[in-house]
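Report on one structure; see the data block that follows.
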2 protein chains.
Amino acid sequence: MTVMETTTARTDTCAGPPQQNRRPDGDDHYTISEVVAFTGLTAHTLRWYERIGLMPHIDRSHTGQRRYTNRDLDWLDLVGKLRLTGMPVADMVRYAELVREGDHTYVERFELLKTTREDVLARIDELRGTLAVLDRKISFYADAGRALASERSR
Amino acid sequence: MTVMETTTARTDTCAGPPQQNRRPDGDDHYTISEVVAFTGLTAHTLRWYERIGLMPHIDRSHTGQRRYTNRDLDWLDLVGKLRLTGMPVADMVRYAELVREGDHTYVERFELLKTTREDVLARIDELRGTLAVLDRKISFYADAGRALASERSR
DNA sequence: CGCTTGCTTGGAGTGCACTCCAGGGTTCTA
DNA sequence: TAGAACCCTGGAGTGCACTCCAAGCAAGCG
C-alpha cells in the first residue's frame, strides 16, 4: 500500500480552494502567459523556478513550448503560500526535491512543514510586538496633534 | 510652543521598555562594540546605517572613535522594530530625515506610521492565511502517518 | 617597547531573488 | 501569407541589505 502517491502528488496539491477559470483535468494545458495571469509571477520567474528545481519539468508542446497542467498550478499555489511565509527559495527547492524523491521522504517533509509552522507563529508574534510599539508612537503623535489643534484654536 | 522637541527627540525614542546595562544619562558613551552587544547588529552595519543617513552623526572621542549615547540606542531600538515590520531601509531613512527636519514634518511622520501599521496588520493576516494552509497539510501528513502506523502494526 | 585588540575609512564583494537581453523560432489574426 | 504577438535559451544584470577588505591609527598590557 502506498500512503501518498507521488505520481499524482495529492499530498502536495491540497493547498487550498481551487482557482477559478481553470479547465477541467484532461484538457488542462496552459501557456506560460496564462500561468502568469493565474499566479501573478512573471514568465521569467516561472522559467527560473523550473531551472532551479522548484518546479518539476513542465510538459512541452510538440514545438517545445511549456504547457502547464492543473497540478502545476496547484504546486505554484503552495509555493506562493510558502513564499509568503518568508521561506527561502532554497528551502522550497529542498521540499520540492523531497516530493520528487517519493514516499520515503514523508517524515522529513512533515518535519519541514512543522518547522515552518513554528516560524510563522513566531513571525506573527514578532509583528504583534512591533504593532504595539507602532500603536504607542501613533497615539503619542495623535496626542501631540490634539495639543497642536487646541493651541491653534486658542 | 513646540509640541515635539527635535533636539531631545522624545517623539522618536518612546519605542518601548529601556534596555538593561545602560549607563545613566550624562555618562552614556558607548563604543561601537558595546552597541554591537546591545543591538545584535554588526559594527559594519552600524557604520553603514550612519553613512546612508539612517543614524544621526554620532559623537566622536578626541581620537575620532564613535561614542554612542542612550538616545542613539533608543533610536536603534526603533529602527530594529521598523526593520522587523519589513519596512525597506530607504523608508526608514526617509523617516530619519523627517525627524531631522523638525516639527513641521509631524503630519508626514504620523501618516507614515499609520501606513506602516496597516502594512503590519495586512502582513499578519497574510501569515494567518498561510498558517491555515500549513495546518491543513500538516494534518494531512499526520493522518497519512497514522495510516502508515496502523499498516505497519497489522 | 612590542604585541594584541579595537577602531577608522572608502570602496569592493556577497547572497538572494529575481529581471532582463539578444537572437532566434512559433502561433494567431486579418 | 504577412505581421504582430508570443515563446525559447543561456547568460548577464539589477536592487537590496548588508559584509568584507586593506591599510593604517590608537589604546591597554606585561
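Keep in mind the model is a prediction, meaning the values are calculated, not measured. By convention in this document, chain letters (A, B, ...) are assigned in the order of the sequence lines, proteins followed by strands, and residues within each chain are numbered from 1. Because only heavy atoms are used, hydrogens play no part in the values below, and waters and symmetry mates are left out as well, while side chains stay in.
A salt bridge links R22(A) with D77(A): at least one charged nitrogen is closer than 4.0 Å to a carboxylate oxygen. One finds no salt bridge joining R66(B) and E34(B) here, because no Lys/Arg side-chain nitrogen approaches an Asp/Glu carboxylate oxygen to under 4.0 Å. A salt bridge between D119(B) and K114(B) is absent, with no side-chain N of the basic residue lying under 4.0 Å from a carboxylate O of the acidic one.
Checked by atom type, the side-chain pair R109(A)/Y95(A) shows no donor-acceptor distance below 3.5 Å.
Axis orientation changes by 10° from one end of the helix from dC1(C)-dG30(D) to dA30(C)-dT1(D) to the other, with each end axis drawn from 5 pairs and the value rounded to 10°.
Taking the side chain as every heavy atom from C-beta outward, H29(A) and D59(A) never approach each other to under 4.5 Å. Residues I32(B) and I58(B) have side chains not in contact (no heavy-atom distance under 4.5 Å, counting atoms from C-beta outward). Residues E111(B) and V107(B) have side chains in contact (heavy-atom distance under 4.5 Å, counting atoms from C-beta outward). At a threshold of 4.5 Å between non-hydrogen side-chain atoms, the residues R117(B) and D135(A) count as touching. Looking only at side-chain heavy atoms (C-beta outward), T105(A) and E97(A) stay at 4.5 Å or farther from each other.
Residue R47(B) is in base contact, counting any heavy-atom pair closer than 4.0 Å across all strands shown. Contact annotation for R67(B): no contact, since no heavy-atom pair falls under 4.0 Å across all strands. R51(B) comes within 4.0 angstrom of a base, heavy atoms only.
Nearer to the 5' terminus of DNA chain C, by closest-nucleotide assignment, is the contact made by A43(B) (compared with the other of T45(A) and A43(B)).
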Restricting both atoms to N or O, compile the protein contacts to nucleotides 3-5 of chain C shorter than 3.5 Å, with distance only.
none

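Rounded to whole angstrom, the span from the CD1 atom of I32(A) across to the P atom of dT27(C) amounts to 15 Å. If you take CD1 of I52(B) and C1' of dG11(C), they are 16 Å apart, rounded to a whole angstrom. Atom CD of E34(B) is separated from atom C1' of dC7(C) by 13 Å (rounded to the nearest Å). The interatomic distance linking E50(B) (CD) with dG10(C) (P) rounds to 10 Å, in whole Å.
Non-hydrogen atoms lying under 4.0 Å from DNA chain D are contributed by H62(B), T63(B), all within residues 55-64 of chain B.
Under the ring pair (Phe, Tyr, Trp, His ring centres under 6.0 Å) criterion, Y30(B) pairs with F38(B), not counting sequence neighbours. Remark: R60(A) pairs with E50(A) by the salt bridge (charged side-chain N to carboxylate O under 4.0 Å, His left out) rule, at least two apart or across chains.
For T69(A) (side chain) and D72(A) (main-chain N/O), a donor-acceptor pair under 3.5 Å exists by modelled atom type.
L84(B) approaches L127(A) most closely through the heavy-atom pair O-CD2, 3.7 Å.
Of all nucleotides in DNA chain D, those with any atom nearer than 4.0 Å to a heavy atom of chain B start and finish, going 5' to 3', at dA17(D) to dA27(D).
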